[in-house]
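Here is the structure we will look at.
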Amino acid sequence: MSCNCPNSRWNVCNSNGANGLQVESEHRHQANETRYPDGTVKLRNPNIELMDQDILYHLALGSESHDLVSMFGDVKFVCMGGTPKRMEQFAYYIMEEIGHKLPAGTMLQDISQYSYRYSMYKVGPVLSISHGMGIPSVGILLHEVIKLMYHAKVRDPIFFRIGTCGGIGLEGGTVVITEDAVDGMMQPFLELSVLGKLVKRPAKLDKKLARELRALSEPDDPYETVTGKTMCTYDFYEGQGRLDGAFCDFTESDKMQYLNRIHKAGVVNIEMESLSFAALTHHAGIKSAVICVTLMDRLKGDQVLAPKEVLDEWQQRPCSLVSRYIKRYLSMKGHLSLDGHCGSMCVKSPRRFKLVQQESENYD
Ligand SMILES: O=P(O)(O)O[C@H]1O[C@H](CO)[C@@H](O)[C@H]1O
Ligand SMILES: O=c1cc[nH]c(=O)[nH]1
């Protein structure tokens with residue numbers, strides 16, 4: 001049995017495992033495998049440190065060609081989402097939110113532009129990276145970003161996926177924080193064939209981080225924020241039980257039976273990356289969360305019908321929640337003034353802020 005406690009805090013975990021000692025020793029074991037004593041990221045791959053150089057091909061970066069420690073050593077948050085545009089907008093948004101200033105006359109640069117695969121922006125301690133669509137795309141990116149964390153000697157990074165999804169029994173525009181990720185068969189692990197054998201990696205997200213994010217939703221938010229199980233599929237059409245793909249070998253009644261069955265089992269949304277995101281970050285001992293906005297209620301239809309301006313506004317909602325978290329974290333660390341750029345969470349809800357603050361006392 002393993003758990004999601006951040007490694008730097010494994011010794012204060014009070015997990016309710018059947019055998020507390022075993023749980024603690026497994027935490028310690030995972031912590032040793034994924035962190036150096038100073039909290040920097042350690043890889044579960046002995047080959048990398050023996051290599052003369054490591055080329056992060058899909059990021060257009062390399063351990064010899066770039067000074068990765070000076071470029072990325074101060075990163076704390078890695079935010080990922082499907083499209084380059086969303087992640088560029090998120091970079092500008094978080095820059096405004098945390099009051100990060102660029103040198104006069106300069107603009108944010110897409111650090112990975114010459115990979116022609118992913119886009120990456122850095123705003124102080126925040127990286128904003130596009131991951132493309134689906135498990136293979138986000139998986140390749142995660143391998144390289146986790147290696148980037150290692151080469152850059154980043155301490156205890158926190159990863160977020162900021163995405164879109166189909167809701168189940170939730171209207172469009174609802175924000176969903178994933179508690180558990182499952183595949184299309186409701187299995188809570190990522191299956192990957194390695195050397196002809198199926199490897200299963202538990203898809204675990206950080207429960208405490210999910211609770212903290214949930215606590216940062218505001219009563220004044222003009223939309224609901226919920227938590228629940230997220231189903232992650234390998235396909236948008238048949239894989240998500242849509243009737244409107246190029247192929248469909250099932251009836252509407254089959255579709256509804258399936259969606260109702262998974263809904264009953266706790267699934268509140270469906271998307272295409274959470275399983276790999278959860279499994280690979282957990283394997284790397286990295287605390288992570290998935291926050292998606294629903295684009296429609298799949299119990300009512302399959303097509304994305306909302307107008308572009310509405311979709312744009314909806315996509316801002318998970319960004320806003322993650323921004324609240326980042327600002328709260330930075331203000332706890334004294335990097336952001338509570339009355340300056342702290343925004344609505346301080347001004348409108350001092351009580352909630354205090355509660356969240358108490359919860360965060362053992363932040364590293
Ligand atoms: O909006 P993003 O982050 O791309 O996420 C969702 O949207 C895509 C499908 O349209 C899939 O990648 C799915 O996971
Ligand atoms: O229904 C949806 C909407 C967005 N992304 C998905 O994967 N599915």
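Side chains are part of it too, since the values below use all heavy atoms of this structure and drop only hydrogens, waters and symmetry mates. Note that ligands are numbered from 1 as they come in the structure, with each ligand's atoms numbered from 1 the same way.
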Identity and separation of the nearest protein heavy atom to atom 5 (O) of ligand 1: Arg161 NH2, 3.1 Å
Closest approach of any protein heavy atom to atom 13 (C) of ligand 1, naming residue and atom: Glu273 OE1, 3.6 Å
Candidate with minimal heavy-atom separation from atom 1 (O) of ligand 2, of Arg298, Arg242, Glu271: Arg242
Min N/O separation Met272 to ligand 1 under 3.5 Å: yes
SB check Lys153 Asp38 (cutoff 4.0 Å): no
Part of Ile270 with heavy atoms under 4.0 Å of ligand 2, whether side chain, backbone, both or neither: backbone
Step-by-step ring-ring contact (aromatic ring centres under 6.0 Å, His included) determination, Tyr121 to Phe90: CA-CA 9 Å; Tyr121 300 89; Phe90 179 73; over 10 Å; no
Protein heavy atom at shortest distance from atom 10 (O) of ligand 1: Phe236 CE1, 3.6 Å
N or O pair under 3.5 Å between Glu271 and ligand 1: no
Mutual orientation of the aromatic rings belonging to Phe77 and Tyr329 [parallel < 30°, tilted 30-60°, perpendicular > 60°]: perpendicular
Short side-chain to backbone donor-acceptor contact, Asp221 and Tyr223, under 3.5 Å: no
Neighbour count above 12 (heavy atom, 6.0 Å) for Met186 CE: yes
Crowding at OH, Tyr57 (>12 non-hydrogen neighbours, <6.0 Å): no
Side-chain (Ser115) to main-chain (His58) donor-acceptor, under 3.5 angstrom: yes
Atom indices of ligand 2 within 4.0 angstrom of Met272 heavy atoms, with elements: 7 (O)
Ligand-side contact atoms (ligand 1) for residue partner Arg86, heavy atom cut-off under 4.0 Å: 1 (O), 2 (P), 3 (O)
Residues Asp180, Lys204: salt bridge by 4.0 Å N-O rule: no
Short N or O distance, Gly82 and ligand 1, threshold 3.5 Å exclusive: yes
Atoms in ligand 1 flagged as close to Thr164, the criterion being non-hydrogen separation under 4.0 Å: 1 (O), 2 (P), 3 (O), 5 (O), 6 (C), 7 (O)
